[in-house]
2 protein chains.
Amino acid sequence: MTIPLPGTQVRGSKTGKPIMALLDLIGRTWALGILWNLQQGPATFRELQQRCEQISPTLLNNRLKELKTLQLIEMQSAGYQLSAYGSELITIILPLGGWSQKWAKELKQGSQPMHAKQLKESEL
Amino acid sequence: MTIPLPGTQVRGSKTGKPIMALLDLIGRTWALGILWNLQQGPATFRELQQRCEQISPTLLNNRLKELKTLQLIEMQSAGYQLSAYGSELITIILPLGGWSQKWAKELKQGSQPMHAKQLKESEL
DNA sequence: AAATCATGCTACATTATTTGTAGCAGCATT
DNA sequence: AATGCTGCTACAAATAATGTAGCATGATTT
């Protein structure tokens, strides 16, 4: 899989717009999950594998290469860690954690924010 | 592909944590792109296909099913549109647009992140 | 020095997902 | 009844993810 460099054609988009490169990146399995798990501090390859619930080494290594190239992570003596860019990105993403819990709770209860449509039982 | 319902085992995670379901969802090709493109207003299936740069109808339909089930979008007479949940989610994601432009520019220049710097209008 | 261990990582076959093209069925207008 | 929309499905080919095994390197222990 080619690395979604902003300014180039990426998976699903030919425009080269930075947001499209970023959406391609975070639309790859475990890309955000890796950044998410690096929040708790630097980790070795194998430690990171465990934090990511036994992600396969092949995939982990592919993502690490991409994230390194895009300067979202870096490797130091302590292991892999978020770079300055990576920290900024994860900071933006952070509110998803709380939001997802609210969303999950309300989905389960069948309640809904105003104007939302009720799910049919058969769709659950 | 099974739908990443919070509380269930999802692609890459067995914990059932809502954030993992959400990361699975947005880790699927075009899932965020579809929400992103629905910001500019409701769209018919084919209009949406065009906004998403000729995404294949198979994939578009799969994503729409998932997003509908998870109540992030809904279909009305005007076409597909963001639900209340979808709007909330995209609001959280929105800052990625500006950030990605700063990131792209600095990557290209080989410079480092500038935490305090405010982007000029012309740079957005 | 040899054996053991932990590390980052690659090889590779299997399975799952995405892509791209063609086209169907339903409805409205001409 | 022909045309032109619509939402969508079928299906084969291409691409990506998974899971297991294990290699090569360096540090530590015997």
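Residue numbers start from 1 in every chain, and the chains themselves are labelled A, B, ... in the order their sequence lines are given, proteins ahead of strands. The basis for the numbers below is simple: all heavy atoms, side chains too, and nothing from hydrogens, waters or symmetry mates.
As a whole-Å value, the separation of A:Leu60 CG from D:dT18 P is 11 Å. Atom pair A:Gln54:CD and C:dC9:C1' shows a separation of 16 Å (rounding to whole Å applied). Atom-to-atom, NZ of B:Lys14 to P of D:dT18 comes out at 11 Å; the value is rounded to the nearest Å. Atom P of nucleotide D:dA16 and atom CZ of A:Arg11 are separated by 7 Å, given to the nearest angstrom. Remark: C1' of C:dA16 and CD of B:Glu66 are 13 Å apart, rounded to the nearest angstrom. As a whole-Å value, the separation of A:Asn62 CG from C:dC12 C1' is 14 Å. For B:Leu59 and C:dT21, the CG to P distance is 15 Å, given to the nearest whole Å. Atom C1' of nucleotide C:dC9 and atom CZ of A:Arg63 are separated by 16 Å, given to the nearest angstrom.
Listed pair A:Arg28 / D:dA17 fails the phosphate criterion, with no side-chain N or O lying under 4.0 Å from OP1 or OP2.
Between the side chain of B:Asn37 and the backbone N or O of B:Gly33 there is at least one donor-acceptor pair closer than 3.5 Å. In this structure, the side chain of B:Glu74 does not engage the main chain of B:Ser83 through any donor-acceptor pair within 3.5 Å.
A:Thr29 comes within 4.0 angstrom of sugar-phosphate atoms only, judged by non-hydrogen atoms across all strands, and of no base.
Screening A:Leu94, A:Leu82, A:Leu22 for a side-chain contact (heavy atoms from CB on, under 4.5 Å) involving A:Leu89 leaves a single residue, A:Leu22.
Between A:Arg51 atom CZ and A:Gln39 atom CD the span is 10.5 Å, to the nearest 0.5 Å.
For the residue pair A:Tyr85 and B:Glu106, a side-chain donor N or O sits within less than 3.5 Å of a side-chain acceptor on the partner. Between the side chains of A:Ser13 and B:Glu53, at least one donor N or O lies within less than 3.5 Å of an accepting N or O.
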Base contacts versus sugar-phosphate-only contacts with protein, heavy atoms under 4.0 Å: please encode nucleotides 4-9 of chain D as B, S and - from 5' to 3'.
--BBBB
